[in-house]
Structure formats: C-alpha cells, structure tokens
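Okay, so here's the structure we're looking at.
To find a chain, count down the sequence lines: A is the first, B the second, and so on, and within it residues start at 1.
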2 protein chains.
Amino acid sequence: MTSIKDVASHAGVSVATVSRVLNDHPAVRPGTRSRVLTSVTELGYRPNAVARSLRTHQTRTLGLVISDVLNPFFTELARAVEDAARERGYSVIIGNADERAALQEHHVRTLLERRIDGLLVSPTDGGTAMMRDAAAAGTPMVFVDRWIRGLDVPVVHADGRAAVHDLVAHLYALGHRRLAIIGGPSETTTGDERVAAFRAALDAHGLPLPREYTGQGDFQTESGRRETAAFLDLPVPPEVVFAADNLMALGAMDELRSRGLRVPEDIALAAFDDIPWFLHTDPPITAIAQPTGELGHKAVEALISLVEGRSAASVTLEARLVTRRSCGESEGKSR
Amino acid sequence: MTSIKDVASHAGVSVATVSRVLNDHPAVRPGTRSRVLTSVTELGYRPNAVARSLRTHQTRTLGLVISDVLNPFFTELARAVEDAARERGYSVIIGNADERAALQEHHVRTLLERRIDGLLVSPTDGGTAMMRDAAAAGTPMVFVDRWIRGLDVPVVHADGRAAVHDLVAHLYALGHRRLAIIGGPSETTTGDERVAAFRAALDAHGLPLPREYTGQGDFQTESGRRETAAFLDLPVPPEVVFAADNLMALGAMDELRSRGLRVPEDIALAAFDDIPWFLHTDPPITAIAQPTGELGHKAVEALISLVEGRSAASVTLEARLVTRRSCGESEGKSR
DNA sequence: CTGAAAGCGCTTACAG
DNA sequence: CTGAAAGCGCTTACAG
C-alpha cells in the first residue's frame, strides 16, 4: 500500500509537507500544494487512519452499543445517530448486544480497545463492572433510551409516563378493566419504568395490577408470544395486553393469531414504540411513539460535547399516544 | 491511558514479554506470565488495538456497506454478517448508504482509510471509480445480494427467478391478467433482474408487461407509494402490484389505504423479501423469501477466505415463494 | 525463556 | 514556507 513516504518522494518534498497539505495546514506554498495533490491522485494514495489515530490520540469515531438491531426502534435510533455523527465529522461503529449482557460486554471491550472517542450505550443490563470502570476512567459516555442507575453519565431518553397515562385513560374509556402488561427485564430501566408507569396509571383509575397480569418479557418476539399465552391460559384472562416494545407486540400477535383470536373483539392490544407497519396490521395497533430521531441527535450532541471537553446535560423528551383500532375504538389521530 | 510500558515496569519485565503474554506466545515462563497478568488487571490495562493494527497490518475488522439499514432485509443481513464474523474473531463496521451513491462512496473511503481487512458491499449503484479501484488494488471484497457487473469479485446472492415464476403462476391461476411491477433502480442488479425475471415469467404465460405497468422505484417507501398512485391513475389500472422489496410494498399499502382500496378485493399485492410483519398485515402479504441469514454467513465465509489469502467462489442460493391472502386466495404455506 | 531495538505510517513542535 | 527528528503503542526477528 502506498504511504506518505511514497507521495513525498514522488512530489520531491518531505513527508512533513505532504502531511501539511493533507491536513489543510495554511503554511504551504500553493505550488507545493498542487504538486503534492497531483502525486496523491497519481499514486492513488489513501491516508492510513490507523497511523494517524495512533499519533493524534483520536479516532473521530463513536461507538454505539444497542440492545437489538432487529428491533426497528433501535435501527431507527442507530440511523439517526449515524447521520448526526457524520454531519459532525465522526464515524460510528455499531455493536449489537442482542439483549445479552455478555455480548454487550464484548462490544464495549472491543470498542474501548479500538480507542473510540466516545461511547453511546443503551444498556441491556443493570450495569457491569466494565461499564462502571469505563465511566469511572472518564471515557466520554452517554446513555440513550435505557441507562444504568448510579453512574454519573448523561442520559438522553423519552419519558413515557404521560403517554402511558393517556393510554390507560383511553382503555378505561373503552370499558376495559382487566389490563395486563408484558414488561421488559427488570434490570433495564425501560423494562422497569414502563411497568411502574402502567401501574401508576391503573392506580389513578382505581384499577389493580395483579401479579398474574404482569408478564416478564425480554423485549424480544418469543417472550411476547410466551407471556401472551400465559395470560390466555389464566382462569380469568385480561381484556387488554400492553406490550412494552414492538417486538413483544409482534409475538403477542403471533400467539393470538395461532389461537384464532380477533383483535380487538376478543382481546385488545397496545404497544410501546410505534413502527410504520402498525398502520397496516390487522387491526392497526395503538402505540406509544417515541421521538426516535431526536433522541439519536440529542445523544450525539451530548456525547460530542463530552468528547470535545465540554460538559453535557441529560435530556428528557416526551413520548406520545397514537390511538388506532386495536383497543376497540374507531381510528383516532394517527399518521 | 495505561500502556504496555506501564504494565512492563509494574511487573518488572520488558514490554516484549508483556506482549508475548498478551498474545499467548508459548515461550513464557508460567511465573512470569502470572506476574504480568496480575499487573494487567491491577492497572486495568486495555490493549491499544490501533497500535497493534499499525504494527501487524491487520485490523481484524470487516467493512459492510449496505444499501439501507431501515430495510429489514438488510438489517437481518447485517445481523447475520456480524454473528458470522464474530464467531471467527472479526468485528464488523457497518456503513449505511441509504440508497445514495455518494454516501456509499463516503463509507467505502472511510473504511478503506481505516484499513479494514475486507469489504462486503451491497452496491447502491452501477459501480463507481472508487469501488473499481479498490477491487483492482486487490482489496479483499465480496458482493452480497447486489453486485457490480464486470468486476472480478465473488457474489453471494439469492436467485429469485424460479420464485418469481411461481408467483406469476400463482397469480395467473387466480385469474389475474394485468400484472404490474415496481422495480428498483436499473443500475442495481436486483432492481434490474427482478423486473427481467417478472417479464420472463409473464412471457411464459403469454402475458405482456406494458411500459405503464413497469414502475420505477428506488427500493424506498415513498417510491412505492408514488408508483402505486401512478398505476391507480391509469385508465386501465393493473389487477396486481408486485413490489420489488418490502419497503416499496409498505409504500404501496400506504397509498391503497389512503384511497380506501381493499386488498385483494380491489387490487392484489405481492412483495419481494419476506418480513415477520407480513404475517399480520391486513391481509397477510404474499412474498418471496430470501435465505437472508445464510446469505450473510456465506458472504462472510467467502470474504474471510480472501482475507486469509485463499480463493473464494460465488454462491447462489434460491429464494422461495410464500403465498398468503394478499393476492386473493386463502392462505397456503406460510410460517 | 527474556530483552534491546527496529519499525509500522503518521503528526507536530522545533529550527532554519 | 519547509525539513529533520521524535514519538504514538505496539510486535517480532535477532541475540543471548
């Protein structure tokens, strides 16, 4: 592979001069500059970012560890993160934890060894030693969507409490009284807090949330199916199932379908996270939509602040309810 | 950040010895080894992959440039690629071209500067100079799903011709005679060949494919909507719309829905690429399924062969038809 | 089994 | 405006 040295000798200058031209250093005579540039194209020279990073101690790269690439919410988030980063001259390396703490650990380690300038994480678990060490060691770091309690790391997320309250009010108005939820892992903040928000909203309506109506999922499809099956096998099944993410809602639909049950006639369904397909399912699904793109942008903004030595504050955005037909009403506002 | 030098002095050995321990070199006395390992954990040392890569001329990283992360087909492909790579000790950096040639170019350049060991691409266009140069320069490279004609680069893809033929036979049997297709960009092989396969299958049934039934999409949602609208505004609209990918099928559904048309009563719909949600749409959508996971695995296998100096052959797998209700029949085999 | 030393491809004070 | 030289953090022949 051709190096800066080849370019230098081809152009008849020193490597220092080539470097200056490549980095747009002002103190280079125009004639020299164009001679170097010509050599660069003639030789098809491509700078070695590895060497540059070793020397400059920065990679201009951000690491993003997400819980599950196959979850459209995270895909959209990743896309927004990449866009925002690119606009500011950073690349991003994505690690997919697949909702497994061990895999998350693997990606964090790999990213740290690659000396990424900053780390964006949506943690799969309650906080491993490595993550705590990284935070303590001063690695620029921001949590997005989910976070780890007790760490001094900015968090960019959407608060769904008001939207969950709206959802419960909507369900209550439709006459539903037996409401069940499929939550995420209790180690994750979103797993935890969505259930808490649901419970608080039920409470405000004088409704109970019995243990058997609290399914324990893992944010992936299969758990949605499994927990829905458990609900349906109860002596008194719920009238509504609220899935804490779109993948578990998919699993719930799989189960309902295999049992030949109709939504919303036989049972109502709602989901956290809105996705384009929810408009075309049978029936269209009532969902709580997060401002996903904005979350990604704000998270990058905060992280780059940290990377460049400035401070960064946490950001809380609002989620909102989008009602469709899956809970029994004719369609309201949608998109 | 603590370096190998710190570990060496802490353990009272040379950096060479630390390096040997870290790389599992056999010629290290057990006592020395454990002393070094202790220092490593005590200091919280994390190897610098940047320095190592500069020295060894390998990054153990593969680059993957996909056409669109928001397309579930590519997300699933990316996930399979990452899994396969990780199993073999490689990381992967994903670049999202968003179906834009300029963005693809940006990612390829960035990945090359980072000195990735090999490049996996699903090209958005007919072949830019950079891609040709990279191939000519001997960069280990494999195309997946889509490819660029005239380059000596292995291709891992699924042949959809038989499945398209099955689809047309299915449509014909249901009495449909006016069939339209929304194709992808003609510069892409999949954009091109899916239309060609469709045309050939129609031909085999003695059916024409008039120009006005050949929509020109770009594999993204909005184009599916636009082309469907154009079909519907025709004096004699088609009886069936076949979208060459799932995103354009989504756009088609958006348009049909906004016009209050029913599928399949008013118009039939089928799509290339199967996704989990197609089972739950109204109605479930007939689709051509690719062996996505296997494509990803085979592609990585081929690329690593090249990276490690061995040769690699192209691989062609088969796509298959999955019939559901969107074309007018009761459900057949599905999943 | 272990260490001293060269070198990977850059950038950047320091001189001139 | 330009160059010589040091150094980033590793790995690996070469000696011993």
Quick one: which of [options] gets closest to the side chain of [X]?
X: B:His57; options: C:dC10, C:dG9, C:dC1; result: C:dG9
X: A:Thr17; options: C:dT2, D:dG3, C:dC8; result: D:dG3
X: B:Ser14; options: D:dC10, C:dC14, C:dG3; result: C:dG3
X: A:Ser3; options: C:dC10, D:dG9, D:dA4; result: C:dC10
X: A:Ile4; options: D:dG3, D:dC10, C:dT11; result: C:dT11
X: A:Val15; options: C:dC1, C:dG9, C:dT11; result: C:dT11

So what's D:dA13 paired with, Watson-Crick or G-U wobble, going by both distances under 3.5 Å?
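Answer to the pairing question: none, since D:dA13 forms no Watson-Crick or G-U pair.
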What is the distance from [atom1] of [X] to [atom2] of [N], rounded to the nearest Å?
X: A:Lys5; N: D:dG3; atom1: NZ; atom2: P; answer: 16 Å
X: B:Asp24; N: D:dC10; atom1: CG; atom2: P; answer: 16 Å
X: B:Arg55; N: D:dC8; atom1: CZ; atom2: P; answer: 16 Å
X: A:Leu22; N: C:dT12; atom1: CG; atom2: C1'; answer: 15 Å
X: A:Arg114; N: D:dC8; atom1: CZ; atom2: P; answer: 23 Å
X: B:Asp6; N: D:dC8; atom1: CG; atom2: C1'; answer: 13 Å
X: A:Leu54; N: C:dG7; atom1: CG; atom2: C1'; answer: 12 Å
X: B:Glu113; N: C:dG9; atom1: CD; atom2: C1'; answer: 13 Å

Are [X] and [Y] within salt-bridge range, i.e. N to O under 4.0 Å?
X: B:Asp24; Y: B:Arg33; result: yes
X: A:Asp133; Y: B:Arg46; result: no
X: B:Glu82; Y: B:Arg86; result: yes

Give one of base, sugar-phosphate or nothing for [X], where a contact means two heavy atoms less than 4.0 Å apart.
X: B:Ser19; result: base
X: B:Ser53; result: nothing
X: B:Arg52; result: sugar-phosphate
X: B:Val13; result: sugar-phosphate

Of A:Arg46 and B:Val28, the one whose closest DNA chain C nucleotide lies more 5':
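Taking each residue's closest nucleotide, the earlier one in sequence belongs to B:Val28.
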Let me spell it out: for each of A:Thr56 and B:Ala16, pick the nucleotide of DNA chain C with the closest heavy atom. Which residue's pick is nearer the 5' end?
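Checking each residue's closest nucleotide, the 5'-ward one belongs to B:Ala16.
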Distance check: side-chain N/O of [X] vs OP1/OP2 of [N], anything under 4.0 Å?
X: A:Asn48; N: C:dC8; value: no
X: B:Arg29; N: C:dT2; value: yes
X: B:Thr32; N: C:dC1; value: no

Would B:Thr59 and B:Arg114 count as a side chain to side chain contact (heavy atoms under 4.5 Å, CB included) here? Give the steps.
CA-CA 8 Å; B:Thr59 50; B:Arg114 277 161 193 284; over 6 Å; no
Side chains of A:Ser67 and A:Arg146: do they bring a donor and an acceptor to under 3.5 Å?
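Yes, A:Arg146 and A:Ser67 have a side-chain donor paired with an acceptor closer than 3.5 Å.
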Using a 4.5 Å cut-off on heavy atoms from C-beta on, say whether the side chain of B:Leu303 contacts that of B:Pro140.
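Sidechains of B:Leu303 and B:Pro140: in contact.
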Under 3.5 Å, is there an N or O donor on one side and an acceptor on the other linking the side chain of B:Arg20 and the base of C:dG3?
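Such a pair exists between side chain and base.
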